[in-house]
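As structure tokens, the structure follows; a few thoughts come after it.
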Amino acid sequence: MMDLFDAIGSDPRDVQLAPGAMLLGGFARAFETPLIEAVRAIVQRAPFRHLVTPGGHRMSVAMTNCGAVGWVSDRTGYRYDAIDPDSGQPWPPMPDVFTRLAHEAAAKVGFADFRPEACLINRYEPGAKLSLHQDKDELDFAHPIVSVSLGLPATFLFGGMNRSDKTTRYRLTHGDVVVWGGPSRLAYHGVLPLPDGEHPLLGRQRINLTFRKTR
Ligand code: MD3
Ligand code: FE
């Protein structure tokens with residue numbers, strides 16, 4: 001017998017956070033072991049590092065990338081670059097489990113054929129935060145960004161099209177996937193300082209993956 005959720009095509013853990021922003025609660029949990037293994041392998045080749053902003057501030061979040069291009073920041077600006085500036089080598093390739101997860105999540109909310117060529121990997125240790133910003137270094141904002149949260153829970157801030165717009169707080173926990181498209185794609189967003197804690201798989205950290213089409 002078809003139930004109400006089948007009838008409206010939704011899952012009780014899926015919540016629209018804002019127009020174009022769909023939370024798929026716990027969607028990545030089914031992939032947690034291969035995802036974490038893949039992160040460990042990437043970090044062996046492209047270790048986490050604290051980037052410097054064009055303004056000269058060292059970011060508290062540590063970052064690395066995989067895929068054909070990676071997001072980097074230095075005193076000269078922000079850009080996507082095919083070469084890891086620390087190693088002088090290409091970024092590690094995107095693991096199949098990453099590509100599949102991003103594709104399936106995007107498809108579930110109506111973005112067919114989402115094939116990201118970049119994945120930015122953020123590592124938050126207790127106290128690390130990400131100030132309000134827009135993601136606008138990509139060329140085509142018709143493509144969504146897919147985010148995956150792993151490890152310790154964080155408070156995510158979601159604002160509007162102007163930095164001064166009021167923000168709403170959401171708690172993002174292990175396995176949560178959010179597809180940020182449509183009117184949400186250029187919204188200001190950030191992450192409050194990570195509270196200390198201990199996650200059974202990842203210990204005292206939060207890892208966030210963001211899948212992007214950059215070109
Ligand atoms: C809304 N990462 O990498 S994930 C980032 O938790 C970033 O590490 C945060 O902001 C993190 O740029 C937030 C959620 C997220 C990611 C990208 C977005 C929300 C977004 C792009 C546009 C709008
Ligand atoms: Fe962002």
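Just so you know, ligand 1 is whichever comes first in the structure, and atom 1 is the first atom listed for that ligand. The first residue in the sequence is number 1, and the count goes up from there.
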Flag, side chain of [X] to backbone of [Y], donor-acceptor distance under 3.5 Å:
X: Tyr80; Y: Thr214; value: no
X: His103; Y: Arg115; value: no
X: Arg49; Y: Met63; value: yes
X: Asp165; Y: Gly159; value: no

NE2 (His57) with more than 12 external heavy atoms under 6.0 Å: no
More than 12 heavy atoms from other groups under 6.0 Å of NZ on Lys129: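 No, because the 6.0 Å sphere around NZ of Lys129 holds 12 heavy atoms or fewer from other groups.
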Student check: side-chain heavy atoms of Met59 and Leu130 closer than 4.5 Å: yes
Quick one: which ligand 1 atoms are inside 4.0 Å of a heavy atom on [X]?
X: Arg185; answer: 22 (C), 23 (C)
X: Leu120; answer: 3 (O)
X: Val191; answer: 6 (O), 9 (C), 11 (C)
X: Asp135; answer: 5 (C), 12 (O), 17 (C), 21 (C)
X: Ser147; answer: 4 (S), 14 (C)
X: Ile145; answer: 17 (C), 21 (C)

Protein heavy-atom partner closest to [atom] - residue, atom, separation in Å:
atom: atom 8 (O) of ligand 1; answer: Tyr124 OH, 2.6 Å
atom: atom 7 (C) of ligand 1; answer: Leu130 CD2, 3.5 Å
atom: atom 5 (C) of ligand 1; answer: Arg212 NH2, 3.3 Å
atom: atom 15 (C) of ligand 1; answer: Trp180 NE1, 3.3 Å
atom: atom 23 (C) of ligand 1; answer: Ser184 O, 3.3 Å
atom: atom 16 (C) of ligand 1; answer: Thr210 CG2, 3.7 Å
atom: atom 13 (C) of ligand 1; answer: Phe156 CE1, 3.6 Å
atom: atom 21 (C) of ligand 1; answer: His189 CE1, 3.4 Å

Verify whether one side chain among [X] and [Y] offers a donor that lies under 3.5 Å from an acceptor in the other.
X: Thr76; Y: Asp74; value: yes
X: Glu138; Y: His143; value: no
X: Arg212; Y: Thr210; value: yes

Region of Arg206 that comes within reach of ligand 1 [heavy atoms, distance under 4.0 Å]: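 The answer is the side chain.
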Ligand 1-proximal atoms of Leu172, by part, heavy-atom distance under 4.0 Å: neither
Stacked cation flag Arg185 on Phe141, 6.0 angstrom / 45 deg: no
Trp180/Phe156 aromatic ring centres below 6.0 Å: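 Ring centroids of Trp180 and Phe156 are less than 6.0 Å from each other.
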From CA spacing to verdict: salt bridge (charged side-chain N to carboxylate O under 4.0 Å, His left out), Lys213, Glu117: CA-CA 6 Å; Lys213 278 203 67 68; Glu117 69 275 346; 3.2 Å; yes
Of the N, O or S atoms in Asp135, the one nearest the Fe ion (ligand 2):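 Going through the N, O and S atoms of Asp135 one by one, OD1 ends up nearest to the Fe ion (ligand 2).
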The Fe ion (ligand 2) to His189: nearest N/O/S atom name: NE2
His133 N/O under 3.5 Å from ligand 1 N/O: yes
Heavy-atom gap Val178 to ligand 1 smaller than 4.0 Å: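 No.
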Closest candidate by heavy atom, reference atom 3 (O) of ligand 1, pool Val179, Asn122, Leu132: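 Among Val179, Asn122, Leu132, the closest heavy atom to atom 3 (O) of ligand 1 belongs to Asn122.
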